[in-house]
Student: 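Quick one: the structure is below, and I'll ask about it shortly.
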Amino acid sequence: MPASRPKTGAGRFFEDFRLGETIRHATPRTLGSGDASLYLALTGGRFAPQSAETFARGIGYPASPIDDLLVFHVAFGKTVSDVSLNAVANLGYADCRFLKPVYPGDTLSAVSQVIGLKENSNRQSGVVYVRSKGYNQRGETVIDYVRWVMVRKRDVNSATPETHVPKLPETVAVANLGEACPRIDRASFDQELGGSPDWFEDYRAGERIDHVDGVTVEEAEHQMATRLYQNTARVHFNQFSEGQGRFGRRLIYGGHVISLARAVSFNGLANAFHIAAINGGRHVAPLFAGDTLFAWSEIVETATLPGRDDVGALRVRTVATKNRPCADFPWREGEGYEPHVVLELDAWALAPRRP
Amino acid sequence: MPASRPKTGAGRFFEDFRLGETIRHATPRTLGSGDASLYLALTGGRFAPQSAETFARGIGYPASPIDDLLVFHVAFGKTVSDVSLNAVANLGYADCRFLKPVYPGDTLSAVSQVIGLKENSNRQSGVVYVRSKGYNQRGETVIDYVRWVMVRKRDVNSATPETHVPKLPETVAVANLGEACPRIDRASFDQELGGSPDWFEDYRAGERIDHVDGVTVEEAEHQMATRLYQNTARVHFNQFSEGQGRFGRRLIYGGHVISLARAVSFNGLANAFHIAAINGGRHVAPLFAGDTLFAWSEIVETATLPGRDDVGALRVRTVATKNRPCADFPWREGEGYEPHVVLELDAWALAPRRP
Amino acid sequence: MPASRPKTGAGRFFEDFRLGETIRHATPRTLGSGDASLYLALTGGRFAPQSAETFARGIGYPASPIDDLLVFHVAFGKTVSDVSLNAVANLGYADCRFLKPVYPGDTLSAVSQVIGLKENSNRQSGVVYVRSKGYNQRGETVIDYVRWVMVRKRDVNSATPETHVPKLPETVAVANLGEACPRIDRASFDQELGGSPDWFEDYRAGERIDHVDGVTVEEAEHQMATRLYQNTARVHFNQFSEGQGRFGRRLIYGGHVISLARAVSFNGLANAFHIAAINGGRHVAPLFAGDTLFAWSEIVETATLPGRDDVGALRVRTVATKNRPCADFPWREGEGYEPHVVLELDAWALAPRRP
């Protein structure tokens, strides 16, 4: 048998990344209305513009947009085989901005640039920072975000790269919000159909909202969602190997946890119809199949957008728990988190201003 | 922190309903071919007009219609947050008529009117009757039905409303059937493709049909279906709270049970391609994940439609059981039902007349 | 009650088949982009032409094609009620050729011809060979294959038909490959987006590829997939009856196992974007929910196609196992198979030639 190059990739290890390197990811993906239906069936979203063509067109969209988080997951999913197949941990994301709406029929592809490297002192692994962008079929950037992951080394003795830790904004600046949101005709924003009597002006910084509803997740659900996103991280799919691992079970993709928390937040934030930016997020603990997710949110800040009187921005910190209702707003406890907390997400959402 | 209005709704209690009151429900929903695919994958439908564009167009539809029961569930789902979030029990429905076909791309919204109120003698709860209508994007009524639910009171001492119980028809009159069914070209109704050699004329009142096949339901399936319908009743999704409740588990949405029975009924009623009306339905017992549903039907009555020689109406009573085959047609027993029965549904279905 | 013909079919028994007989199957099915999305979510496919409109059009397709195996399953599913409802075992398939690409909006129907009959010596059952064809709405054959199944007899004493065993090709001839693949613009085949740096010329006969990833299957997943294919074989859906049967549980449809193995094979065969033919397949052992599927492939043979310089054909034997990684290429052992093997599939896949 003649020799030939190995066909199966083992993914990049820490020493394979070069500062400044650009990686174009496989597989491009056309998102259709069927993806939107399936996303809705998997997460439970009820935000009106994403649910109804008529509502979307009525307020100023040319069509019902693909849910922001579905865009995020698809763009994210493409980066996994190249960036995080050998990751020990997803450490965080920052500076995530939605820049163009995505509509059924659009095709997304993704490119990442290595913007930071820092080997750990034990030399077993290191932190890789990438800025990833998702593009549509016209080459327009639809999403732009940074994430950092701890990646194993193949060879502990490989050379240590120069440490470079990028400076990242704590929050996305208000001036950078709203690019993916067309001008909204707020007089046409039907609040009964939208599901909430509140306008942007009705929210106050410091206000806390219990989203009440709990949703139990099944293995089939998170697996289908994660495949819909073409995210191939093996910890989500392979019970044979995970059964022998640290948790003894498959992990639910953290992004899907974000989607569930977002869907649950409809009860209290129904008119915050668009996520304009994610300032940061932390997966405090894993969620497993059989767990029931609850969530609450705090309005951290409210901001008007320069040059826009149609929508305002709510900075929302959403905390999700497992198997613990959130009527008393569980969050931090001492140095750490209340033990049931699984997610803390800091995002900017847009809501229509009072006409 | 400044005071602000609570953002999360707790749903209406019995004393919140007013006779004659009209409620416009959130969230409108555009149904696409992806919803039809997902519905098919979740229920197992095989009726030809709903499955194939060619078949539908061949017999006279302008396009493959959205399954009648998917229309019902979507219209129903919207009413839940406003009508039955605090329901103790769904007691029944009546006078359900399908008035216009729904096609991919149509957007449904729903409005309910309170048509009856009756406080229970213990003053803990009361029965609310609503007539709900589903509309398409042109404002045409596509479905119209009545349901009644027992709803908890917030305050036992709140004033008792005047009792008003609406008069409801036992069955939908034959003259009111068929509005959602275009004129069918029965000569083009290909029975081999349709899956049955029988025409309307081949069914006899009193005839009983065992649908033979059994289908086991999984938690992920009924949850995905119920989210597809945007039905938010918590008993279907929240194992944390339901685990502490009466059954110790999540309840399968009764409407999904109807869909499964309808899909199973293809074996024996393949040419009864359209549900024109639901006369009434009773969820005799809950179905749980892991249960296997079986069903049988009796042709209660057959009727020709005034002014139409293309289709005839079969009044079908379908009985579904759990974990019990239906070869011997289990139904009532003494005062009640045979112990495995979960559903009794009385509906009018249309079948093509012999060409 | 007047007598009337039984409405429920019990399926054909061995003595009901006639050599040469043609059976047109119910129900035609229009495949849309929503079916493609759902198939992707259920199997995990990442092949670029099936995933992205832009990629498909760039290399020469008029649109993103429906996955070959989804076409196979839908065409196969229709034959089940007529051919294999009373099957004891699916024995094999051969000479399966994909003849036309299928695009969203196409409607598939299926016709089978009985091409062989052979009663077993115990007279309890017999083997039925059918050649089944799938057609699109223009009457063009999109898929053509032979399968044979062992079917029970209704009456052991019924007459024994003349034995006729059709001669079937061991492999599909190279000259018959590629009809469903338009001319590929290989210079436009972007390998970074495609997910592999390899061209047809980079594969060698005898080369073995471990596809590495394992996927655990859930009941809800295989049931949804099998319903998506409108395959009604009861062993996949009915836990009540299967719980009392040989395995005590529902069987996963063998075709879905093929789809999972195909999806997993992306890791190593990403550019083998089209299955042109299936030479044969053997379901060595059943797969059950909870099992984790792994797979490896051997390149049995490589072949250029007469008259085509755009793509070449790889004859690939894929072996799938359950609960056993494939790094050491488990396959046969003594007279039989290594105990974890569930599938052996012999297929021709096309890959772009080096530009």
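Quick caveat, the model's predicted, so the values are computed rather than measured. Below, chain A is the first sequence line, B the second, and so on; all start at residue 1.
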Student: Would you call A/D190 and B/R24 a side-chain contact if the rule is heavy atoms closer than 4.5 Å?
Tutor: yes
Student: Please name the pair of heavy atoms, one in A/V212 and one in B/R234, separated by the smallest distance, quoted to 0.1 Å.
Tutor: CG1-NH2, 4.3 Å
Student: Within the 4.5 Å heavy-atom criterion, are A/E192 and B/I23 side-chain neighbours or not?
Tutor: no
Student: Ignoring hydrogens and angles, tell me if any N or O in the side chain of B/K7 forms a donor-acceptor pair with the backbone of A/D202 under 3.5 Å.
Tutor: yes
Student: Distance from A/L40 atom CG to B/Q230 atom CD, nearest 0.5 Å?
Tutor: 4.5 Å
Student: Go through the atoms of A/P197 and report whether side chain, backbone, both or neither lie under 4.5 Å from a heavy atom of chain B.
Tutor: both
Student: Report which part of A/F266 has an atom under 4.5 Å of a heavy atom belonging to chain B: side chain, backbone, both, or neither.
Tutor: side chain
Student: Indicate yes or no: at least one non-hydrogen side-chain atom of A/I209 is less than 4.5 angstrom from one of B/T8.
Tutor: yes
Student: Which value, rounded to the nearest 0.5 Å, describes the distance between B/E221 atom CD and A/E221 atom CD?
Tutor: 10.5 Å
Student: Select, from A/G195, A/G214, A/G44, A/G45, the one with the greatest count of heavy-atom pairs under 4.5 Å involving chain B.
Tutor: A/G214
Student: Looking at CE of A/M224 and CE of B/M224, how far apart are the two atoms once the value is rounded to the nearest 0.5 Å?
Tutor: 4.0 Å
Student: Does the side chain of B/T30 reach to within under 4.5 Å of the side chain of A/F55, using non-hydrogen atoms?
Tutor: no
Student: Chain B heavy atoms under 4.5 Å from A/S64: which part of the residue, side chain, backbone, both or neither?
Tutor: neither
Student: Between A/A289, A/G34, A/S51, which residue shows the highest count of heavy-atom pairs closer than 4.5 Å to chain B?
Tutor: A/S51
Student: Nearest 0.5 Å please: distance from the OG1 atom of A/T216 over to the CZ atom of B/R249.
Tutor: 12.0 Å
Student: Is A/T292 close to chain B through its backbone or its side chain, or both, or neither, when contacts mean heavy atoms under 4.5 Å?
Tutor: side chain
Student: Which heavy atom of A/A48 sits nearest to which heavy atom of B/P28, and what is that distance?
Tutor: CB-CD, 4.5 Å
Student: Say you draw a straight line from CZ of B/F240 to NZ of A/K322; how long is it, rounded to the nearest 0.5 Å?
Tutor: 13.0 Å
Student: Among A/L42, A/V215, A/D35, A/D213, which residue has the highest count of heavy-atom pairs closer than 4.5 Å to chain B?
Tutor: A/L42
Student: Treating B/T107 as the side-chain partner and A/A52 as the backbone partner, does any N or O pair qualify as donor plus acceptor under 3.5 Å?
Tutor: no
Student: Specify the closest pair of heavy atoms between A/R46 and B/T27, including all atoms of both residues, with the distance to one decimal.
Tutor: O-OG1, 2.8 Å
Student: A side-chain contact here means heavy atoms from C-beta on lying under 4.5 Å apart; do A/R57 and B/Q137 qualify?
Tutor: no
Student: So how far is it from A/L38 CG to B/R227 CZ, rounded to the nearest 0.5 Å?
Tutor: 10.5 Å
Student: What part of A/T54 is in contact with chain B, defined as an atom under 4.5 angstrom from a non-hydrogen atom: side chain, backbone, both or neither?
Tutor: both
